[in-house]
Amino acid sequence: MRNDLNEFLLQTGSQGWPARIELRECSTRDGYDILDMLHEIGPGENGFQNSAYNTKTEDFKDQLSRWIDMSRGIGLKPGYVPETIYWLFVDGRPVGMAKLRKYLNDKLRSLGGHTGYCIRPSERGKGYGTLLFGEVLKKAAEINIPRVLVMCREDNAASRRVIENNRGVLQKIVDGICHYWVRLDKDTGMREIHPDDYAEMVELWKNTPGVGISETDTESDILKFLLRNPGLSWCYKAGGRIVGTSLCGHDGRRGYIYHTAVLPEYRGRGIGAMLVQKNLQQLKLAGIGKCHLFVFADNRPGQDFWCATGWTRRGDICVYSQSID
Ligand SMILES: CC(C)(COP(=O)(O)OP(=O)(O)OC[C@H]1O[C@@H](n2cnc3c(N)ncnc32)[C@H](O)[C@@H]1OP(=O)(O)O)[C@@H](O)C(=O)NCCC(=O)NCCS
């Protein structure tokens with residue numbers, strides 16, 4: 001297994017010198033050495049697509065700008081999610097490229113996954129594929145992706161080794177395509193909620209008495225909420241699954257907390273209070289000085305929780321609502 005960068009630095013390099021390895025995010029400063037690599041890679045193979053393989057020199061900077069926009073979620077085509085392009089450099093030479101998608105949608109869950117990668121043909125078989133995927137996983141961890149879905153053809157032995165060298169676990173093979181998962185988050189403890197947690201969270205809310213799931217709890221609504229409120233919503237994991245959530249957002253003046261829920265069998269351990277405390281800390285960092293929340297009038301245990309954790313029940317405010325068609 002060769003997925004450790006330091007170990008790799010010691011073992012590799014021409015004339016016995018350690019190789020200089022760098023994963024660089026695509027930028028408008030990228031040089032034409034990248035374009036040469038894109039030409040060498042060609043249109044792609046084994047499901048990896050290189051749409052830029054025939055880009056002309058005069059169009060290269062525009063192509064880079066389009067990739068940067070895509071990474072920022074600007075001008076995405078319908079059904080597309082933000083995707084960042086990375087280059088692997090070894091001793092200053094670009095040897096491979098990878099794509100990392102910030103979250104999954106239904107289409108990517110069935111085909112595509114979070115990531116794709118390619119090593120230029122002249123540099124294959126030197127361990128760079130394993131190294132590139134390992135570095136991409138670090139980037140995925142930095143943006144809080146809890147588990148990375150990566151796919152490759154069943155007969156793509158090199159790619160399967162790359163994934164398995166990086167702790168990939170084969171979940172299933174569908175129509176000759178392997179679906180591997182690499183877990184990045186901890187088994188136990190608190191972490192920020194990621195859009196890919198949606199299905200697991202809905203399951204939790206459905207199994208938690210007192211939590212109301214409304215028409216604004218679809219996957220796209222929750223995604224919109226999380227993207228508008230980075231860093232504010234948290235969950236708690238135990239035994240490898242999500243057992244508590246607390247969603248939080250703000251409108252620039254006041255904070256709001258929703259779906260504070262802990263599975264019945266995990267209650268009484270301070271998980272709910274810890275999640276809400278984290279919401280409030282993050283709101284404070286965002287410059288918000290007050291937070292509200294709504295509790296169903298018949299949710300007695302819920303009301304007891306809020307009273308016991310220092311919240312004041314307001315008798316001077318009525319909540320009014322109106323649907324906007
Ligand atoms: C898949 C790919 C990225 C691998 O890159 P690489 O730099 O050659 O991979 P590595 O040198 O890290 O080799 C990884 C493992 O695959 C093995 N391997 C390499 N080529 C192989 C082949 N043709 N058949 C069987 N095993 C092979 C290596 O021996 C190594 O195994 P080990 O770690 O057990 O020693 C590269 O072949 C490629 O770019 N292919 C085209 C695009 C693609 O298929 N991408 C993946 C789908 S998204």
Side-chain angles (χ1 to χ4, degrees), residues 1-14 18-24 26 33-54 67 70 80-81 83-102 104 107-140 145 147-182:
M1 203 183 280
R2 295 172 302 190
N3 60 352
D4 181 81
L5 184 56
N6 292 325
E7 195 184 321
F8 190 85
L9 277 172
L10 294 174
Q11 290 176 356
T12 315
S14 50
R20 207 159 30 88
I21 310 288
E22 208 187 333
L23 189 73
R24 277 190 218 160
C26 169
D33 51 347
I34 295 282
L35 186 62
D36 286 344
M37 176 173 75
L38 293 169
H39 290 158
E40 182 184 327
I41 287 173
E45 57 200 286
N46 298 326
F48 180 87
Q49 287 174 16
N50 171 24
S51 57
Y53 75 99
N54 57 4
W67 274 326
M70 188 168 189
Y80 278 67
V81 308
E83 173 185 287
T84 304
I85 303 284
Y86 293 97
W87 317 118
L88 181 71
F89 278 79
V90 176
D91 282 336
R93 171 174 155 83
V95 301
M97 69 181 290
K99 308 169 178 182
L100 177 63
R101 300 169 189 124
K102 290 199 173 140
L104 297 174
K107 193 171 134 234
L108 292 170
R109 267 188 284 268
S110 63
L111 191 65
H114 284 100
T115 182
Y117 44 78
C118 188
I119 296 295
R120 67 196 298 175
S122 58
E123 298 287 350
R124 289 185 190 167
K126 300 179 182 178
Y128 296 156
T130 301
L131 188 72
L132 172 57
F133 184 48
E135 292 300 300
V136 168
L137 290 175
K138 288 182 197 163
K139 294 289 172 193
I145 296 178
R147 316 167 268 291
V148 167
L149 175 62
V150 55
M151 297 184 187
C152 75
R153 298 214 170 128
E154 195 178 355
D155 59 4
N156 189 348
S159 190
R160 292 185 71 167
R161 291 296 306 142
V162 164
I163 298 166
E164 286 161 10
N165 282 346
N166 282 288
R167 296 176 288 110
V169 176
L170 182 64
Q171 182 210 28
K172 59 183 176 184
I173 301 177
V174 184
D175 298 331
I177 307 287
C178 299
H179 292 225
Y180 281 94
W181 287 93
V182 187

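Order of appearance sets the numbers: ligands from 1, and atoms from 1 within every ligand. Since the structure is predicted, the reported quantities are computational estimates derived from the model, not experimental observations.
In this structure, the side chains of Met97 and Leu38 come closer than 4.5 Å at one or more pairs of heavy atoms. Considering only heavy atoms from C-beta on, Ile119 comes within 4.5 Å of Leu132 through its side chain.
The closest approach between a heavy atom of Gly47 and any atom of ligand 1 is not below 4.0 Å.
Close contacts of ligand 1 with Asn165, meaning ligand atoms under 4.0 Å from a residue heavy atom, involve 33 (O). Interface of Gly125 with ligand 1, defined as ligand atoms under 4.0 Å from a residue heavy atom, comprises 6 (P), 7 (O), 8 (O), 11 (O). For ligand 1, the atoms lying closer than 4.0 Å to a non-hydrogen atom of Ser159 are 1 (C), 46 (C), 47 (C). Using a 4.0 Å cut-off to heavy atoms of Lys126, the atoms of ligand 1 that qualify are 11 (O).
Remark: Ile21 CD1 to Glu135 CD distance equals 8.5 Å, nearest 0.5 Å.
Close N/O approach between Gly129 and ligand 1 is found [any backbone or side-chain N/O within under 3.5 Å]. Inclusion of Cys118 in the set of residues having an N or O under 3.5 Å from an N or O of ligand 1 is not warranted. Polar contact with ligand 1: absent for Gly116 (N/O pair, distance under 3.5 Å).
Proximity of Thr115 to ligand 1, defined as any heavy-atom pair under 4.0 Å, is not found for any part of the residue.
With Glu83 as the fixed residue, the side-chain hydrogen bond (donor to acceptor under 3.5 Å, both in side chains) test singles out one of Arg101, Lys99, Lys102: Arg101.
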Steps toward side chain to side chain contact (heavy atoms under 4.5 Å, CB included) verdict (Leu100, Ile145)
CA-CA 10 Å; Leu100 177 63; Ile145 296 178; 4.3 Å; yes

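Every residue two or more places apart in sequence or in another chain was checked for a side-chain contact (heavy atoms from CB on, under 4.5 Å) with Val169, and none qualifies.
Contacts classified as salt bridge (Lys or Arg N to Asp or Glu O under 4.0 Å) and involving residues 112-124 (residues at least two apart or in different chains) are given here: Glu40-Arg120, Glu45-Arg124, Arg93-Glu123, Glu123-Lys126.
Of the options Gly44, Gly112, Gly127, Ala98, the smallest heavy-atom separation from atom 10 (P) of ligand 1 is shown by Gly127. When the heavy-atom distances from atom 17 (C) of ligand 1 to Glu164, Glu123, Arg153, Arg161 are ranked, the shortest goes to Arg161.
Aromatic ring orientation, Trp67 versus Trp87: perpendicular (interplanar angle above 60°, classes split at 30° and 60°).
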